Amino acid sequence: QVQLVESGGGLVQPGGSLRLSCAASGSISSLNFMAWYRQAPGKERELVARISSIGYTYYAVFVKGRFTISRENAKITVYLQMNSLKPEDTAVYYCNMQAKLPGDYSNREYWGQGTQVTVSS
């Protein structure tokens, strides 16, 4: 069974920084991408950043220049470095992975449990 475990959330003042991490356990046959989503109360879940199996990155316009997504391939781990945090960044942040398991003919999606990020003075 493939599982994603997240950590690194917490309370930070505006302008501060946090580093989120997500580690995958279990075996996969191929990786499409890993990503971070977030969901604030009363809002839809939205894509924050994504990194492909070969390192291509995508950032939502509202975080570009402040956040950096990266991977550690040997451990199937993804990170999100968040700088210059704003109150509107407050949300539950979720790790997401698209991958094939041995025997799969298409990608499956996996989600972490979420980690709370609160930006407040």
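Each residue takes its place number in the sequence, starting with 1. Because the structure is predicted, anything quoted here is derived from the model rather than measured.
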Q. Taking atom CG of Leu11 and atom OG of Ser121, what is their separation to the nearest 0.5 Å?
A. 10.0 Å
Q. Less than 4.5 Å apart, any side-chain heavy atom of Leu20 and any of Trp36?
A. yes
(Q) Tell me which one of Ser70, Ser21, Ser17 satisfies side chain to side chain contact (heavy atoms under 4.5 Å, CB included) with Gln81. (A) Ser17
(Q) Working note: Asn107 + Glu109, criterion side-chain hydrogen bond (donor to acceptor under 3.5 Å, both in side chains); need CA distance, chi angles, decisive distance, verdict. (A) CA-CA 7 Å; Asn107 288 304; Glu109 283 200 1; over 6 Å; no
Q: Step through the shown structure and confirm whether more than 12 heavy atoms of other residues, nucleotides or ligands are within 6.0 Å of CD on Glu44.
A: no
Q. Given the rule that I, L, V, M, F, W and Y join up when any side-chain heavy atoms are under 4.5 Å apart, are Leu18 and Tyr59 in one cluster?
A. yes
Q.
For a 4.5 angstrom cut-off between non-hydrogen side-chain atoms, does Ile51 reach Phe33?
A. no
Q: Could you tell me whether the side chain of Tyr110 and the main chain of Cys95 form a donor-acceptor pair under 3.5 Å?
A: no
Q | Check against side-chain contact (heavy atoms from CB on, under 4.5 Å), Ile76 and Met34 | A | CA-CA 9 Å; Ile76 315 178; Met34 300 186 77; 4.2 Å; yes
Q) Should we count CZ of Arg19 as having more than 12 external heavy atoms under 6.0 Å? A) yes
Q. Between CG of Asn96 and CG of Leu47, what distance do you get to the nearest 0.5 Å?
A. 8.5 Å
Q | Ser84 (side chain) donor-acceptor with Gly15 (main chain) under 3.5 angstrom | A | no
Q: Measure from the side-chain N and O atoms of Gln39 to the backbone N and O of Lys43, and report whether any donor-acceptor pair falls under 3.5 Å.
A: yes
Q) Which residues pass the side-chain hydrogen bond (donor to acceptor under 3.5 Å, both in side chains) test with Arg71, sequence neighbours left out? A) Asn73
Q | Residue pair Tyr37 / Glu46, side-chain heavy-atom distance below 4.5 Å | A | no
Q) How are the rings of Trp111 and Tyr94 set relative to one another: parallel (under 30°), tilted (30 to 60°) or perpendicular (over 60°)? A) perpendicular
Q) Do Gln13 and Val119 have side-chain heavy atoms sitting under 4.5 Å apart? A) no
Q: Examine distances only and state if a side-chain atom of Thr77 and a backbone atom of Ala23 form a donor-acceptor pair shorter than 3.5 Å.
A: no
Q.
Side chains of Gln116 and Thr90, heavy atoms from C-beta outward: is any pair under 4.5 Å?
A. yes
Q. Does Leu85 share a hydrophobic cluster with Val48, counting links as ILVMFWY side-chain heavy atoms below 4.5 Å and allowing steps through other members?
A. yes
Q) Taking the side chain as C-beta and beyond, is there a heavy-atom pair between Lys100 and Tyr105 under 4.5 Å? A) no
Q: Test side-chain hydrogen bond (donor to acceptor under 3.5 Å, both in side chains) on Tyr58 and Arg50 and set out the steps.
A: CA-CA 5 Å; Tyr58 165 85; Arg50 182 170 57 222; over 6 Å; no
Q. Is there a donor-acceptor pair closer than 3.5 Å between any side-chain N or O of Arg66 and the backbone N or O of Phe62?
A. yes
Q. Rounded to the nearest 0.5 Å, what separation is found between the OG atom of Ser53 and the CD atom of Gln98?
A. 11.5 Å
Q. Under 4.5 Å between any side-chain heavy atoms of Val2 and Ile28, yes or no?
A. yes
Q) By side-chain hydrogen bond (donor to acceptor under 3.5 Å, both in side chains), which residues pair with Glu6, not counting sequence neighbours? A) none
Q.
Quick check: do Val63 and Arg38 have side-chain heavy atoms less than 4.5 Å from each other?
A. yes
